[in-house]
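Worth saying up front: this structure is predicted, and the values here are computed from it rather than measured. For ligands, and for the atoms within them, numbers begin at 1 and follow the listed sequence.
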Amino acid sequence: MGLYVKPIVIFFLIIGIHSISEEKFDEFAEYMRNKINNADNGHLATDSYSFKPLNNKPPKDFGTFDFIIVGAGATGSVIANRLSEKKCWKILLLEAGGYPSRFTDMPVNSIRSRLTKYNWGYLSEPQKYSCLGSRNEQCMYARGQGLGGTTLINGLVYSRGHPLDFDRWAAMGNPGWSYKDVLPLFKKSEGLLKNNPAAVVDWEYHNSAGPMHVEYIPTSDPQLNAWFEAQKTLKYNSTDTNSPKQVGFTHKPSCTRSGKRQDDATAFILPILTRTNLFVQTNALVTKIIIDENQISAKGVEFSYNRTIYRAFAKKEVIVSSGAINTPQLLMLSGIGPKDHLKEKCIKLVKDLPVGETLREHSAFWGLVFSTNYTEPIKPFKEYIREYLNGVGPFTIADGLRGISFFNTKYEPNPEYPDVEVIYFAGNCTSASAINTFHLKEETYNATFSTLEPAKCFQAAPVALHAQSVGYIKLKTNSPYDFPLINPNHLSDKDHKDIDTLYESIQLILKLTETDAMKKVDAKLGANPLPACKQHEFLSKDYWYCALGQLTMNMYHPVGSCPMGPDAKKAVVNHELKVYGVKKLRVADASVFPLTLAGHPNAPCVMIGEKLAELLKRDYSF
Ligand SMILES: Cc1cc2nc3c(=O)[nH]c(=O)nc-3n(C[C@H](O)[C@H](O)[C@H](O)COP(=O)(O)OP(=O)(O)OC[C@H]3O[C@@H](n4cnc5c(N)ncnc54)[C@H](O)[C@@H]3O)c2cc1C
Ligand SMILES: *[C@@H]1O[C@H](CO)[C@@H](O)[C@H](O)[C@H]1NC(C)=O
Ligand SMILES: *[C@@H]1O[C@H](CO)[C@@H](O)[C@H](O)[C@H]1NC(C)=O
Ligand SMILES: *[C@@H]1O[C@H](CO)[C@@H](O)[C@H](O)[C@H]1NC(C)=O
Ligand SMILES: *[C@@H]1O[C@H](CO)[C@@H](O)[C@H](O)[C@H]1NC(C)=O
Ligand SMILES: *[C@@H]1O[C@H](CO)[C@@H](O)[C@H](O)[C@H]1NC(C)=O
């Protein structure tokens, strides 16, 4: 079948860049300049109708496999790699998007890649309490499409979360998920390089030999040093944020290899494309899980490729790894979800489960931009490219994100357990694309991101790590080509704990910027009063609570929409990630997190992939 073409050519694009001739270098720079221009002028999809078949012909048979994995993102890539280690198992990996490219490889493209085909194109439902400074009160809801999934477009931070997070998962009735259980799985994937002498690494918690390359951003600058120095003044220390001593600060641990993005397909799939038992089908949108209604058992999937519907069958299991937005959508389209909602959408019920009812997110405040008198060197484009090819410079850094810090506010009694993260962005932190990547209203943009000189500024974004607010994923219609409805519902918790926590962290950040260390770089709040909050005295408590409603948005870390747990009334999968009441069907991705973590989801998703692969190898070995 001609669909399995593996783009061997991609290897030639990826290797050998380091030693290229002047002519090849110019070609590369020109290619990148064009890609960047096109991306900056790009626009996003509003639905998936480009996949809709052109006629109603019956589905074509795509064959039978042992396992079918739906979605090649952070989790699915790992599962495909580990399962295909068993030569006798035939694995089908289906992915809606295409391959990573030289454009996605270059970390500085992360922000603009969210305006391209590598992003599904979602916007949230209009919000009541957050994203009020965004157009139509809709938050941008970036999700990656392509092998690598959201790790093609993400900020590249490697951050696992705190041991207590996993111990809480276990204590909720999920045996096998305590920190003691998951630490070996984190270590199994990790390939950490301690390339920055300033970074603190406690090797008890790390591995240097796994396929997922992690390194620190290699350099510092006077402004970043001042930011760290300010934290020392307030008695916080440089630390290994991926060890139990998480509170403190670090240069960004980055999922890059010599400065090049290591999305999870580059780490786990591209190196194994030669395995003959792994079938990777890109540009394939799975529209339905085929379920045997007598057995209530998953038999396979239907997918649309080249505007034709195919059917593939699984002898052993179907694994849904489509991410926290698309996994609940696909389950509901297949009859697995809340009874009343499916009835309303005219979908025949297979199993009544709380799919999509608990979307959890990290809430982040994006309104704190500061000016300084440090000037980031601005270089010609080609010089940045040359630096990038040598593994250094700002083009190796996604989102301008250079440092992360974990704190705990008065709302978290255990001083070792962080409840707030503060993320430091610099270097073109006020770039013009912010207006689109955050879907901002012009007046919001004018009062914040546009006020500063791009080379003389930074942004400090506080994140509520244990946000209490709960949102949902629902279907708009019963068509797989319509986007689902996404409601993160930030800052909606009854106790106002989320907004109170973010307010505390704003005060902490302002305190940091008032230290001598930050005075030495002349740090000043750069934001002007938001027009929407002009009834409040600028910088008063009421002002900040108003501003929090305007500029609290996603951290882009949706989880929990098909949570694991012991009770099928509140959970969708059990601790072995089996969907309740449907045989031969598992979910493995960010949607199974029962709660948010004091970390970023990529590393935990990779861990979940390792975990499921071990469970399946155990269940099906003979
Ligand atoms: C802007 C941004 C910045 C971020 N920064 C960081 C960061 O710095 N560090 C970090 O750890 N995390 C970060 N994240 C989050 C992180 O990347 C995700 O949480 C993680 O990738 C989720 O993994 P997943 O396996 O659940 O889903 P994904 O990685 O999203 O993978 C799901 C895959 O399934 C495919 N798919 C979906 N539906 C279908 C279908 N019906 N048929 C076929 N294929 C389908 C998708 O195309 C996708 O490839 C960021 C995210 C964003 C958007
Ligand atoms: C920082 O380190 C010092 C000395 O080891 C220690 O006393 C202090 O508690 C640490 N601070 C934090 C916030 O962990
Ligand atoms: C896609 O479909 C068209 C029209 O049905 C067909 O001509 C073409 O060969 C198909 N391409 C692939 C790669 O299957
Ligand atoms: C920062 O912005 C300036 C001005 O737009 C641009 O010339 C430069 O290439 C940008 N630098 C980086 C690292 O993106
Ligand atoms: C935002 O600023 C631009 C440039 O100064 C100006 O043209 C525009 O009118 C402003 N928009 C709003 C809504 O204030
Ligand atoms: C920045 O401002 C501080 C405080 O005003 C001053 O001491 C320092 O010399 C300034 N640095 C530069 C590069 O202008």
Side-chain angles (χ1 to χ4, degrees), residues 1-3 5 48 51 53-55 57 69-79 93-98 110-111 113-114 118-120 122 140-161 231-232 234-239 245-248 252-255 263-265 281-288 301 303-308 320-327 329-330 333 362 398-399 401 404 406-408 415-416 423 437 480 554-559 561 587-593 597 599-606 608-609:
M1 166 111 19
L3 305 187
V5 178
S48 300
F51 282 99
L54 297 169
N55 54 45
K57 284 194 187 149
I69 302 161
V70 183
T75 324
S77 296
V78 181
I79 299 168
L93 177 62
L94 293 166
E95 168 53 48
S110 58
I111 294 178
S113 72
R114 293 166 207 155
Y118 297 104
N119 179 6
W120 281 78
Y122 298 142
M140 177 79 153
Y141 224 92
R143 293 285 90 198
Q145 186 176 93
L147 293 182
T150 304
T151 68
L152 286 172
I153 63 169
N154 77 2
L156 290 175
V157 174
Y158 181 88
S159 173
R160 298 169 179 174
Q231 295 177 60
K232 279 193 207 156
L234 298 192
K235 303 275 181 277
Y236 292 99
N237 304 315
S238 171
T239 193
K245 285 197 180 145
Q246 199 189 342
V247 172
K252 173 193 195 169
S254 175
C255 296
D263 59 81
D264 291 327
Q281 184 57 59
T282 52
N283 302 312
L285 180 78
V286 176
T287 53
K288 194 178 170 181
V301 298
F303 65 91
S304 169
Y305 168 81
N306 191 26
R307 309 205 79 154
T308 304
V320 184
S321 298
S322 307
I325 310 301
N326 292 44
T327 287
Q329 181 194 24
L330 182 61
L333 289 170
H362 288 150
D399 294 7
L401 197 171
I404 58 172
F406 292 92
F407 299 106
N408 86 312
E416 294 189 351
I423 304 184
T437 46
N554 311 310
M555 188 53 214
Y556 300 107
H557 293 171
V559 304
S561 50
V587 170
D589 57 30
S591 56
V592 307
F593 289 27
L597 296 164
H600 296 233
N602 177 25
C605 283
V606 169
I608 287 171

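Counting atoms of ligand 1 from 1 in the listed order, those under 4.0 Å from a heavy atom of Gly149 are 29 (O), 31 (O), 48 (C), 49 (O). Atoms of ligand 1 lying under 4.0 Å from at least one heavy atom of Asn326, given by number and element, are 37 (C), 38 (N). Short contacts between ligand 1 and Ala284, defined as distances under 4.0 Å to a heavy atom of the residue, involve ligand atoms 42 (N), 43 (C). Within the listing of ligand 1, atoms 53 (C) sit less than 4.0 angstrom from a heavy atom of Ala142.
In terms of modelled atom types and a separation under 3.5 Å, the side chain of Asp589 and the main chain of Thr75 share no donor-acceptor contact. Of the possible donor and acceptor atoms, none in the side chain of Arg160 sits under 3.5 Å from a partner among the backbone N and O of Pro601. Looking only at distances, a side-chain donor or acceptor of Glu95 sits under 3.5 Å from a matching main-chain atom of Gly146. Under the 3.5 Å distance criterion, the side-chain polar atoms of Lys252 are matched with a main-chain donor or acceptor of Leu401. Although no hydrogens or angles enter the test, the distance criterion places no donor-acceptor pair under 3.5 Å between the side chain of Thr151 and the main chain of Ala74. Using modelled atom types, one side-chain atom of His362 and one backbone atom of Leu597 make a donor-acceptor pair closer than 3.5 Å. Not a single donor-acceptor pair under 3.5 Å links the side chain of Ser304 to the backbone N or O of Leu285. Of the possible polar contacts, one joining the Thr327 side chain to the Ser322 backbone as a donor-acceptor pair under 3.5 Å is found. At least one donor-acceptor pair under 3.5 Å links the side chain of Thr150 to the backbone N or O of Gly144. For Asn554 (side chain) and Met140 (main-chain N/O), a donor-acceptor pair under 3.5 Å exists by modelled atom type.
Contact record, Ser561 with Ala324: OG-O, 2.6 Å, taken as the closest heavy-atom pair. In terms of heavy-atom proximity, Ser77 sits nearest to Gly148 at OG-N, 4.2 Å.
Using a 4.0 Å cut-off between heavy atoms, Leu156 contacts ligand 1 through its backbone alone, with no side-chain atom that close. The proximity of Ser110 to ligand 1, defined as any non-hydrogen pair under 4.0 Å, does not occur for either the backbone or the side chain. With a 4.0 Å cut-off on non-hydrogen atoms, Arg143 touches ligand 1 through its side chain and not its backbone. When non-hydrogen atoms are compared, ligand 1 lies under 4.0 Å from the backbone of Leu285 as well as from its side chain. Only the backbone of Ser321 comes within contact range of ligand 1, with a heavy atom under 4.0 Å; no side-chain atom does.
The distance criterion of under 3.5 Å between nitrogen or oxygen atoms is not met by Arg114 with respect to ligand 1. Below 3.5 Å of separation, one finds no N or O of Ser591 facing any N or O of ligand 1. For the pair Val157 and ligand 1, the shortest N or O to N or O distance falls below 3.5 Å. In terms of polar-atom proximity, Ile153 is not counted as a contact of ligand 1, lacking any N or O under 3.5 Å from an N or O of the ligand. The distance criterion of under 3.5 Å between nitrogen or oxygen atoms is not met by Met555 with respect to ligand 1. For the pair Glu95 and ligand 1, the shortest N or O to N or O distance falls below 3.5 Å. In terms of polar-atom proximity, defined here as any N/O pair under 3.5 Å, Leu401 makes no such contact with ligand 1. Among the atoms of Val70, none of the N or O lies under 3.5 angstrom from an N or O of ligand 1. Between Ala74 and ligand 1, a contact under 3.5 Å exists for at least one N or O pair. Of the N or O atoms in Tyr305, none lie within a sub-3.5 Å distance of an N or O in ligand 3. On a distance-only criterion, Asp399 and ligand 1 share no N/O pair closer than 3.5 Å.
Of the inter-residue distances, the one linking Asp263 atom CG with Asn602 atom CG reads 9.5 Å to the nearest 0.5 angstrom. Between the CZ atom of Phe51 and the CG atom of Asn306 there is a distance of 11.0 Å, given to the nearest 0.5 Å. Within the model, atoms OG of Ser254 and CG of Leu156 stand 5.0 Å from one another, a figure rounded to the nearest 0.5 Å. Put simply, CG on Asp264 and CG on Leu147 are 11.5 Å apart, with the number rounded to the nearest 0.5 Å. The structure places OG of Ser321 at 11.0 Å from CG of Leu94, a figure rounded to the nearest 0.5 Å. Atom CD of Gln145 sits about 10.5 Å away from atom OH of Tyr118, to the nearest 0.5 Å.
Shortest contact from atom 4 (C) of ligand 1 to any protein heavy atom: Asn154 CB, 3.2 Å. Given atom 26 (O) of ligand 1, the protein heavy atom at minimum distance is Ala590 N, 2.9 Å. If you check which protein heavy atom lies closest to atom 27 (O) of ligand 1, you get Gly323 CA, 3.5 Å. Ala96 N, 3.1 Å is the protein heavy atom nearest to atom 44 (N) of ligand 1. The nearest heavy-atom contact from the protein to atom 40 (C) of ligand 1 is Val286 N, 3.7 Å. At the top of the distance list for atom 11 (O) of ligand 1, counting protein heavy atoms only, stands Asn602 N, 2.8 Å. Protein heavy atom closest to atom 5 (N) of ligand 1, with residue, atom name and distance, is Gly155 N, 2.9 Å. When hydrogens are left out, the protein atom nearest atom 10 (C) of ligand 1 is His600 CB, 3.3 Å; that is the closest non-hydrogen contact.
With Arg114 as the partner, the side-chain hydrogen bond (donor to acceptor under 3.5 Å, both in side chains) test is satisfied by one option alone out of Asn119, Asn154, Asp399: Asp399.
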Check each N or O atom of ligand 2 against all protein N or O atoms and list the pairs under 3.5 Å, with atom names and distances to 0.1 Å, one per line.
| from | atom 1 | to | atom 2 | distance (Å) |
| --- | --- | --- | --- | --- |
| ligand 2 | 2 (O) | Asn237 | OD1 | 3.3 |
| ligand 2 | 2 (O) | Asn237 | ND2 | 2.2 |
| ligand 2 | 11 (N) | Lys235 | O | 3.0 |
| ligand 2 | 11 (N) | Asn237 | ND2 | 3.0 |

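Proximity annotation for atom 52 (C) of ligand 1: of Phe593, Tyr556, Tyr158, Tyr556 comes nearest, heavy atoms only. For atom 48 (C) of ligand 1, the nearest non-hydrogen atom from the set Ser561, Pro601, Gly71, Gly144 comes from Gly144.
Tyr122 and Asn326 share a side-chain donor-acceptor pair at under 3.5 Å.
In this structure, Phe303 falls outside the shell of residues with a heavy atom less than 4.0 angstrom from ligand 1.
Under the 4.5 Å side-chain criterion, counting only non-hydrogen atoms from C-beta, Pro558 is in contact with Arg143.
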